Amino acid sequence: MHSENTMDKIREECGLFGIYKHGAQGAYLAAQTYVGLMALQHRGQEACGIAVSRQREIFYHKDMGLVEEVFDDEIIAGLQGNMAVGHVRYSTAGHKKSKANAQPLVLNYAKGQLAICHNGNIVNADVLRKEYEQGGAIYQTTTDTEVIAYTIARQRIGAGSAENAVFRSMKILRGAYSLIIMSPNKLVVARDPHGLRPLCFGMKDDGSFVFASESCALDAVDAEFVREVRPGEVIVVEEGQMRELTGHCGMEASKLCIFEYIYFARPDSTIHGQLVNDARRITGKLLAQKCPAKADIVTALPDSGVPAAMGFAEESGIPYVEGFGKNRYAGRTFIRPDQLSREQAVRLKLNPVKKYVEGKRIVVVDDSIVRGTTTSIIVKMLRDAGAAEVHLRIASPPFLYPCYYGTDVPNFDQLISHKHSVEGVCKVIGADSLAYLNLEDLPKIAPDVRDTGLCNACFTGNYPVL
Ligand code: SF4
């Protein structure tokens, strides 16, 4: 058992960072990329990498592990150049954990070199992979990012430029992709026509162009947020100039992943005009309005449930209490299943504060229930600590469908809400009551995106692209 899985959370696959400064020398941009990746570490803890371009050649370093484990001063000092791209990765189902699958994916092909960083998932990757295999392609990795790389390399022949190759590829690739691509002399940034995975753009005072999955990474390198990369847009930075290119692949209705607001993104990031922390607070307020509970305290499963629990407390007038202590160092412990029960593994991470919960009627706010395995343990732990009643409020609708866009929402058979009604789930997890955020209320959590659209396919089955 890997204890990161202990908490039964779904995970984002990747975080991206790219920076360009005309005439930059030394390892300054690699160091900035290191800082940006540290800020994006929550989006992937399995592997990471940085590539730079120096004198029209790409150099890189990548490995399994956290950013601070993979890089040290000496490695960063060796990554000198005037452009850098970086990636943090967590592999979703079907993608093997291996160094070869770490990104940036650096490709040598007929037209030179490319370093590719990808967040998302290509839904027609298998079809394209087979087609390219029949044409003689040999793969080094098991990722769909390599399929993107092949597509771009094939389209580059006769395309005239790397950005034209990306345009052409966007007509072939289906699914979710935010891309930061570095050729030896330019950065090319692209977002799929639905904008399923986030990507934003900022500037530093020194003239550096910065791109990142989330605005918290722009803040970390002291870059000013300029705007989101638009769905279907391609941005090119070369010779110190930026060009914005749209309209080539037909923009579709925007379908940003709603789960960025609910769970994936850092609370201090702003996505499409909405601070993520505020979105989470709104979920709590809506829960308090629509499904109140008679209780003495409101608490949360730290950390992701905290803003929603505070919103619930604010709206209901029931005091918010830190009902759980969290072991922040238990996150990456690898434990064999025979060495520890699931309950012990959960206890290793979270411990109910007996003094606060004993004899109390408690509202517990969490962001989601996936398989339900951890939630039942949490309820039992609270009862063992003397809780009088446990009322669960979930800041998202029930997961009913898998995700095909680069997260690990699992298949139907593992989703507890696919197997049971709300009452049935409540019974299985042993709570006194259970309520979820209403589907109709979802757009209220990010008002600026409401009109352009959000993906909610894991709750509704309405997939924007298949
Ligand atoms: S299916 Fe769910 S998790 Fe996947 S992109 Fe859509 S909203 Fe996000």
Side-chain angles (χ1 to χ4, degrees), residues 5 7-16 42-44 89-95 118-125 144-145 173-179 191-199 213-214 228-229 231-232 252-266 269 271-272 274 276 279-280 282-283 304 308 366-371 394-418 436-446 448-466:
N5 279 333
M7 299 315 292
D8 190 28
K9 295 292 179 195
I10 66 166
R11 287 176 288 199
E12 173 65 78
E13 193 180 24
C14 300
L16 313 179
H42 60 287
R43 298 183 74 86
R89 169 181 163 81
Y90 160 71
S91 59
T92 50
H95 292 169
H118 168 219
N119 176 206
N121 191 54
I122 303 302
V123 292
N124 60 341
D144 58 340
T145 307
L173 301 168
R174 292 176 59 75
Y177 53 89
S178 284
L179 294 168
R191 199 166 167 206
D192 70 75
H194 289 290
L196 276 150
R197 305 256 70 90
L199 191 60
S213 293
E214 288 180 40
E228 309 292 330
V229 176
E252 310 274 351
S254 168
K255 289 287 177 192
L256 175 73
C257 169
I258 185 81
F259 235 74
E260 292 290 345
Y261 292 110
I262 294 169
Y263 179 66
F264 294 141
R266 244 172 63 165
S269 285
I271 306 178
H272 286 276
Q274 174 64 307
V276 170
R280 290 181 190 161
I282 294 171
T283 61
S304 59
D366 198 7
D367 50 80
S368 57
I369 300 180
V370 186
R371 297 168 185 82
I394 306 300
S396 60
F399 277 124
L400 296 173
Y401 302 89
C403 172
Y404 302 118
Y405 305 130
T407 77
D408 69 344
V409 179
N411 278 331
F412 297 107
D413 56 344
Q414 293 178 54
L415 294 170
I416 190 169
S417 296
H418 189 77
Y436 293 84
L437 191 69
N438 284 334
L439 192 59
E440 311 78 64
D441 283 334
L442 268 186
K444 294 179 188 158
I445 73 172
D448 284 2
V449 202
R450 185 173 49 206
D451 299 330
T452 47
L454 290 157
C455 177
N456 59 14
C458 45
F459 313 127
T460 61
N462 296 328
Y463 294 99
V465 52
L466 279 176

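Each ligand, and each atom within it, is numbered from 1 in the order the structure gives. The first residue in the sequence is number 1, and the count goes up from there. These numbers were taken from a predicted model, which means no experiment stands behind them.
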So that I know where these two stand, are Phe399 and Phe459 an aromatic pair - ring centroids less than 6.0 Å apart?
yes

Which of parallel (below 30°), tilted (30 to 60°) and perpendicular (above 60°) describes Tyr401 and Tyr463?
perpendicular

Does any N or O in the side chain of Thr283 come within less than 3.5 Å of the main-chain N or O of Ala308, such that one atom is a donor and the other an acceptor?
no

Only heavy atoms of Arg197, strictly under 4.0 Å: list the atoms of ligand 1 that pass.
5 (S)

For a 4.5 angstrom cut-off between non-hydrogen side-chain atoms, does Arg191 reach Asn119?
no

List the residues meeting salt bridge (Lys or Arg N to Asp or Glu O under 4.0 Å) with Asp192, not counting sequence neighbours, and say none if there are none.
none

With 2.8 Å as the limit, jot down which protein N, O or S atoms are around atom 6 (Fe) of ligand 1.
Cys455 SG

Over 60° means perpendicular and under 30° means parallel, so classify the ring planes of Phe412 and His418, tilted if in between.
tilted

